[in-house]
Amino acid sequence: MKTAIKRIGSFVLALAMILSLSLTTVITQAATLATVKFDDVYEGDTITVYTLLTYDEATHTFTDMDDNFYKYVVYYAANVDSSAVTISSESEAIEYVEGLTTAQMTSLANAYETAVNEGSTYSLPSNSYTTSTGQTDGTAIVDFEDYGYYLVVGTTTAANSRVYSPTTVLVAEGSNNTVKVNGTEVTGTVTINMKSEASPTVDKTVKDSDNSWSSNIVTDDYVLDFVIAVNVPYYSDANSVVLKVSDTLTNLRYVNYSMTLYSTQDDQTGDLSGALASSTSGSGTEKGQLEASNYIDDVTINSYDDSTDTQTFSVELNYNQITSGLSSGSATVYLYYQATVTDGAVSVDYTNNTVTLDYSVNGNTYEEKESKTNEYS
């Protein structure tokens with residue numbers, strides 16, 4: 001009898017363990033509503049997911065909007081939306097966002113990210129929902145365990161140097177206990193493209209005595225010719241792009257009124273053509289003439305520093321003018337100028353010239369690019 005009881009007890013215990021494991025499995029599986037694979041995320045880059053709207057399963061409605069997002073939605077609806085909608089409550093803000101099309105929501109997301117990055121008035125949601133890192137196959141996986149409206153923002157490494165456009169993900173209830181992602185019922189992993197473009201590049205060359213252009217030359221010339229090539233990709237979702245070229249000349253003195261911005265440089269001869277901005281001595285200030293072209297927003301040329309034998313200048317390029325007419329790809333402009341070798345070069349037998357490109361897209365400031373030339377005598 002005791003043996004039978006022991007057997008029954010063992011059977012019940014085993015059954016309980018099996019049921020417990022099965023229940024655990026069900027709960028674990030049910031925790032993930034949707035798995036989204038974000039495509040074209042470079043290895044090592046990171047995507048951060050923020051909750052914009054929280055969903056209440058009991059009432060089947062969105063019931064809460066992030067405070068930081070709400071603040072911007074009120075501004076956007078009244079000042080950016082062509083309909084000039086006045087929002088005075090969170091429920092009205094939720095209703096407004098729910099009524100946007102996918103394209104309109106993308107525009108709102110881009111504008112929101114720009115506003116956050118360009119000032120202190122607006123902020124991203126205070127807490128991120130989750131993060132994910134790009135893998136070797138160029139994807140980042142996110143498991144969504146809650147219904148809601150999410151903002152996805154990408155950040156890049158210096159090695160990858162990408163500019164990501166933000167995107168949004170709507171995880172909602174479907175019919176018959178299904179789940180919808182961005183309006184489509186899903187049963188497996190959903191793929192969403194994380195759009196990005198290459199970053200701008202800068203390349204500095206100096207003209208040799210044989211009229212070739214390179215980054216290192218040996219020359220006895222007193223006046224040197226330089227070209228800074230700036231390649232600028234077209235960013236379809238960009239609200240604002242800042243491009244600032246800064247140059248430091250060592251043992252070189254900038255030749256006034258020598259700066260010209262060109263649209264073309266011949267690959268074989270190095271000849272420059274298609275002047276976009278230039279200046280002429282006696283026709284007004286160099287700064288004023290260059291900025292009047294619309295291709296250059298600002299020019300600052302500092303005086304030569306005798307204590308360090310250096311001189312610096314900066315040029316802010318107009319992104320919209322440079323990429324005008326593009327719907328994809330990139331455009332390159334060529335900033336030409338001259339510099340004279342100073343007495344400081346006599347004792348060291350060399351000069352050098354370092355240029356950096358600082359840039360930001362939608363208020364995101366990225367790591368500066370650098371290019372350098374060396375001239376030996």
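Quick note: numbers below take in every heavy atom, side chains included, and nothing from hydrogens, waters or symmetry partners. Numbering of residues begins at 1 and proceeds along the displayed sequence.
- If you check the side chains of N231 and T332, you find a donor sitting under 3.5 Å from an acceptor.
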- Task: Show the numbers, then the answer: is there a side-chain contact (heavy atoms from CB on, under 4.5 Å) between I87 and V85?
- Result: CA-CA 6 Å; I87 293 175; V85 180; 4.2 Å; yes
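- In this structure, a donor-acceptor pair under 3.5 Å is absent between the side chains of Q321 and N294.
- Closest of all the heavy-atom pairs between T63 and T59 is CG2-OG1, 3.9 Å.
- In this structure the side chain of Q104 never reaches within 4.5 angstrom of the side chain of T102, judged on heavy atoms.
- For the 3.5 Å distance criterion, the side chains of S91 and S89 qualify, holding a donor opposite an acceptor.
- Note on I141: it does not cluster hydrophobically with F38, by side-chain heavy-atom contacts below 4.5 Å among ILVMFWY residues.
- Rounding to the nearest 0.5 angstrom, the gap separating the CD atom in E173 from the CD atom in E57 is 5.5 Å.
- Separation of atoms NZ (K207) and CG (L272) is listed at 8.0 Å; rounding is to 0.5 Å.
- Side-chain atoms of K195 never come within 3.5 Å of backbone atoms of S236 as a donor-acceptor pair (strictly under, hydrogens ignored).
- We find the CG-CD distance between N302 and Q311 to be 7.5 Å, quoted to the nearest 0.5 Å.
- Crowding of E95 atom CD: a count of heavy atoms from other residues, nucleotides or ligands under 6.0 Å not exceeding 12.
- When hydrophobic clusters are built by joining Ile, Leu, Val, Met, Phe, Trp and Tyr residues whose side-chain heavy atoms come closer than 4.5 Å, directly or via intermediates, I322 is not grouped with V242.
- S246 places a side-chain heavy atom less than 4.5 Å from the side chain of K244.
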- Query: side-chain contact (heavy atoms from CB on, under 4.5 Å) between L151 and L124: does it pass, once the steps are laid out?
  - Reply: CA-CA 9 Å; L151 173 70; L124 285 171; 3.9 Å; yes
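- Using modelled atom types, one finds no donor on one side chain facing an acceptor on the other under 3.5 Å when comparing Q265 with S273.
- Side chains of S161 and S199: a donor-acceptor N/O pair is present below 3.5 angstrom, by distance only.
- For the residue pair Y254 / D247, no side-chain donor-acceptor distance below 3.5 Å is found, with atom types taken as modelled.
- Using a 4.5 Å heavy-atom threshold, the side chains of V245 and S314 count as separate.
- Here the closest non-hydrogen pair linking Q338 and S258 is N-OG, 3.1 Å.
- One hydrophobic cluster, built from ILVMFWY side chains closer than 4.5 Å, holds both V186 and V152.
- By the ring-ring contact (aromatic ring centres under 6.0 Å, His included) test, Y164 is found to be paired with no residue, residues two or more places apart in sequence or in another chain being considered.
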- Task: Using the side-chain contact (heavy atoms from CB on, under 4.5 Å) rule, take E43 and T157 through it: C-alpha gap first, then chi angles, then the decisive distance, then the call.
- Result: CA-CA 9 Å; E43 183 180 3; T157 63; over 6 Å; no
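- Between L290 and I296, the shortest heavy-atom distance links the atoms O-CB, 3.7 Å.
- Of the possible polar contacts, none joining the D271 side chain to the D266 backbone as a donor-acceptor pair under 3.5 Å is found.
- Here the side chain of E286 pairs a donor or acceptor atom with the backbone of Y257 at under 3.5 angstrom.
- Heavy-atom minimum distance, M65 versus I94: CE-N, 3.8 Å.
- Under the 4.5 Å side-chain criterion, counting only non-hydrogen atoms from C-beta, T114 is not in contact with V116.
- Surrounding OH of Y262 are more than 12 heavy atoms belonging to other residues, nucleotides or ligands, all under 6.0 Å away.
- The closest donor-acceptor contact from the side chain of T280 to the backbone of S283 lies at 3.5 Å or more, if one exists at all.
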- Task: Under the side-chain hydrogen bond (donor to acceptor under 3.5 Å, both in side chains) rule, what do T61 and D56 come out as? Steps first, then yes or no, please.
- Result: CA-CA 6 Å; T61 58; D56 185 354; 5.5 Å; no
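- No side-chain donor-acceptor contact under 3.5 Å links S240 and Y319.
- A search for side-chain hydrogen bond (donor to acceptor under 3.5 Å, both in side chains) contacts involving N117 returns N364, not counting sequence neighbours.
- Under a cut-off of 6.0 angstrom, the local environment of NZ in K287 is crowded, with over 12 non-hydrogen atoms contributed by other residues, nucleotides or ligands.
- For the ring pair (Phe, Tyr, Trp, His ring centres under 6.0 Å) with Y112, the lone residue among Y70, F69, Y122, Y76 that qualifies is F69.
- With sequence neighbours excluded, no residue forms a side-chain contact (heavy atoms from CB on, under 4.5 Å) with T86.
- Side chains of T139 and D39: no donor on one and acceptor on the other come within 3.5 Å.
- Residues L224 and V255 do not share a hydrophobic cluster, defined by chaining ILVMFWY side chains whose heavy atoms lie under 4.5 Å apart.
- Counting heavy atoms from C-beta outward, P200 and L243 have side chains that approach closer than 4.5 Å.
- The two atoms that bring E185 and S175 nearest to each other are OE2-OG, 3.0 Å, heavy atoms only.
- No side-chain donor from either of T310 and D305 sits under 3.5 Å from a side-chain acceptor of the other.
- T178 and N176 form no side-chain donor-acceptor contact under 3.5 Å, judged by distance and modelled atom types alone.
- No side-chain donor-acceptor contact under 3.5 Å links N110 and S107.
- When the side-chain contact (heavy atoms from CB on, under 4.5 Å) test is applied to S132, the partners found at least two apart in sequence or on another chain are I47, A140, V142.
- S293 places no side-chain N or O within 3.5 Å of a backbone atom of A277 that could act as its donor or acceptor partner.
- By the side-chain contact (heavy atoms from CB on, under 4.5 Å) test, S278 pairs with T260, sequence neighbours left out.
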- Item | Test log, rule side-chain contact (heavy atoms from CB on, under 4.5 Å), inputs V202 and V355 | CA-CA 8 Å; V202 61; V355 63; 4.0 Å; yes
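- Side chains of D309 and Y304: a donor-acceptor N/O pair is present below 3.5 angstrom, by distance only.
- A donor-acceptor contact shorter than 3.5 Å is absent between the side chain of S330 and the backbone of P233.
- Between Q135 atom CD and D45 atom CG the span is 11.5 Å, to the nearest 0.5 Å.
- E291 is listed as a side-chain neighbour of D298, based on a closest heavy-atom distance under 4.5 Å.
- Among Y50, Y149, Y150, the one residue that satisfies the ring pair (Phe, Tyr, Trp, His ring centres under 6.0 Å) test with Y129 is Y150.
- Listed here is the closest heavy atom pair of N160 and Y42: ND2-CB, 3.5 Å.
- Checked by atom type, the side-chain pair R162/S196 shows a donor-acceptor distance below 3.5 Å.
- Listed by chain and number, the residues in a ring-ring contact (aromatic ring centres under 6.0 Å, His included) with Y55 are F62, Y147 (sequence neighbours excluded).
- By the rule that hydrophobic residues join a cluster once side-chain heavy atoms approach within less than 4.5 Å of another member, I192 and F144 end up as members of one cluster.
- Counting heavy atoms from C-beta outward, V206 and D225 have side chains that stay 4.5 Å or more apart.
- Contact of the L100 side chain with the L108 side chain is registered, since non-hydrogen atoms from C-beta on lie closer than 4.5 Å.
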